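One structure below.
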Amino acid sequence: MSGKITFTMIKPDAVADGHIGAILGKISEAGYKVKALKLTQLTNADAKKFYEVHAERPFYGELVDFMSSGPIVAAVLEKENAVEDFRTLIGATNPADAAEGTIRKMFARSVGENAVHGSDSDENALIEASFHFSGREIF
Ligand code: ATP
Ligand code: MG
């Protein structure tokens with residue numbers, strides 16, 4: 001599976017703003033096949049663990065509070081060159097810097113509330129997919 005899989009979350013801002021359908025549409029148009037999908041909510045402990053690599057960053061507390069503040073959509077996606085192409089599709093972390101037509105440019109509120117997550121490596125894609133889904137939820 002490695003190389004063809006990425007993991008994404010539609011973050012609480014984009015869910016609250018009613019963008020689930022539009023974002024899944026962009027993902028589908030970009031050629032991704034949905035391997036797993038659910039509406040769920042992270043606990044504070046889940047969000048802390050998921051974003052542990054950022055524990056020393058000044059925005060960590062804010063990030064954890066935000067990511068556990070409301071429902072998210074978690075998904076595992078498949079396509080050739082999945083991780084890198086998905087980062088291009090979502091755009092820069094700060095929507096102000098994101099290219100026109102990218103998901104963050106279209107739907108994000110701010111650098112903190114930036115609509116979507118995308119895995120940053122093949123290794124992390126698999127770790128993140130297993131964090132959210134059991135084996136029998138991935139098709
Ligand atoms: P993600 O991992 O969610 O796909 P990313 O890889 O583009 O985002 P990271 O550097 O991994 O960016 O940061 C993780 C998340 O932390 C960002 O998506 C954003 O929600 C939040 N974040 C990053 N930088 C800032 C900042 N300067 N101020 C507030 N929040 C930030
Ligand atoms: Mg990241």
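If you're wondering where the values come from, they're calculated on a predicted model, not measured in any experiment. Every number for a ligand or one of its atoms is a count from 1 in the order of the listing. Below, each value reflects all heavy atoms present in this structure, side chains not excepted, and no hydrogens, waters or symmetry copies.
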E128 to ligand 1, any heavy atom closer than 4.0 Å
no
Heavy-atom gap K11 to ligand 1 smaller than 4.0 Å:
yes
For V34 versus L37, what's the shortest heavy-atom pair and its separation?
CG1-CB, 3.8 Å
So, K79 side chain and T6 main chain: donor-acceptor pair closer than 3.5 Å or not?
no
Atoms of ligand 1 close to H117 [distance to a heavy atom under 4.0 angstrom, numbered from 1]
1 (P), 2 (O), 3 (O), 4 (O)
Atoms in ligand 1 flagged as close to H54, the criterion being non-hydrogen separation under 4.0 Å:
9 (P), 10 (O), 11 (O), 13 (O), 14 (C)
Regarding atom 22 (N) of ligand 1: of the candidates Y51, F59, F86, which has the closest heavy atom?
F59
What protein heavy atom lies closest to atom 8 (O) of ligand 1? Include the residue and the distance to one decimal.
R104 NH2, 3.2 Å
To the nearest 0.5 Å, tell me how far K33 NZ sits from L77 CG.
11.5 Å
Sorted by chain and number, sequence neighbours left out, salt bridge (charged side-chain N to carboxylate O under 4.0 Å, His left out) with E80 holds for K4
I'd like to check whether G118 has a polar contact with ligand 1, where a contact means an N/O of the residue lying under 3.5 Å from an N/O of the ligand.
yes
Between the main-chain N or O of S119 and the side-chain N or O of N124, is there a donor-acceptor pair closer than 3.5 Å?
no
Is there a continuous path of hydrophobic side-chain contacts, each under 4.5 Å between heavy atoms, that joins L24 to F86?
yes
Counting only nitrogen or oxygen atoms and a 3.5 angstrom limit, does E62 reach ligand 1?
no
Where ligand 1 meets R87 - atom numbers and elements under 4.0 angstrom, heavy-atom basis
4 (O), 5 (P), 6 (O), 7 (O)
Look only at interatomic distance and state if N114 has a nitrogen or oxygen under 3.5 Å from any nitrogen or oxygen of ligand 1.
yes
Does K38 make a cation-pi contact with F133, if we ask for NZ or CZ under 6.0 Å from the ring centre and within 45° of the axis?
yes
So is E113 close enough to ligand 1, meaning a heavy atom under 4.0 angstrom away?
no
How far is atom 20 (O) of ligand 1 from its nearest protein heavy atom, and which residue and atom is that?
G112 O, 2.9 Å
Check: D13 side chain, A115 main-chain N or O, donor-acceptor pair, under 3.5 Å:
yes
Logged contact type for M67 with ligand 1, heavy-atom cut-off 4.0 Å, is neither
If you measure only the distance, is there a donor-acceptor pair under 3.5 Å linking the side chains of D46 and T43?
yes
Of the protein's non-hydrogen atoms, which lies at the shortest distance from atom 12 (O) of ligand 1, and what is that distance?
T93 OG1, 3.4 Å
If the contact criterion is a heavy-atom separation under 4.0 Å, does L63 count as touching ligand 1?
yes
Proximal ligand 1 atoms for V111, defined as those under 4.0 Å from one of its heavy atoms:
19 (C), 20 (O), 25 (C), 28 (N)
Within the 4.0 Å heavy-atom cut-off, what F66 brings close to ligand 1 is neither
Evaluate the side chain to side chain contact (heavy atoms under 4.5 Å, CB included) criterion for residues H117 and E128: first the C-alpha distance (whole Å), next the side-chain angles of each, then the deciding distance (0.1 Å), finally the verdict.
CA-CA 11 Å; H117 164 82; E128 292 171 2; 2.9 Å; yes
Should the ring pair F50 and F131 be called parallel, tilted or perpendicular, given that the plane angle runs from 0 to 90° and is split at 30 and 60?
perpendicular
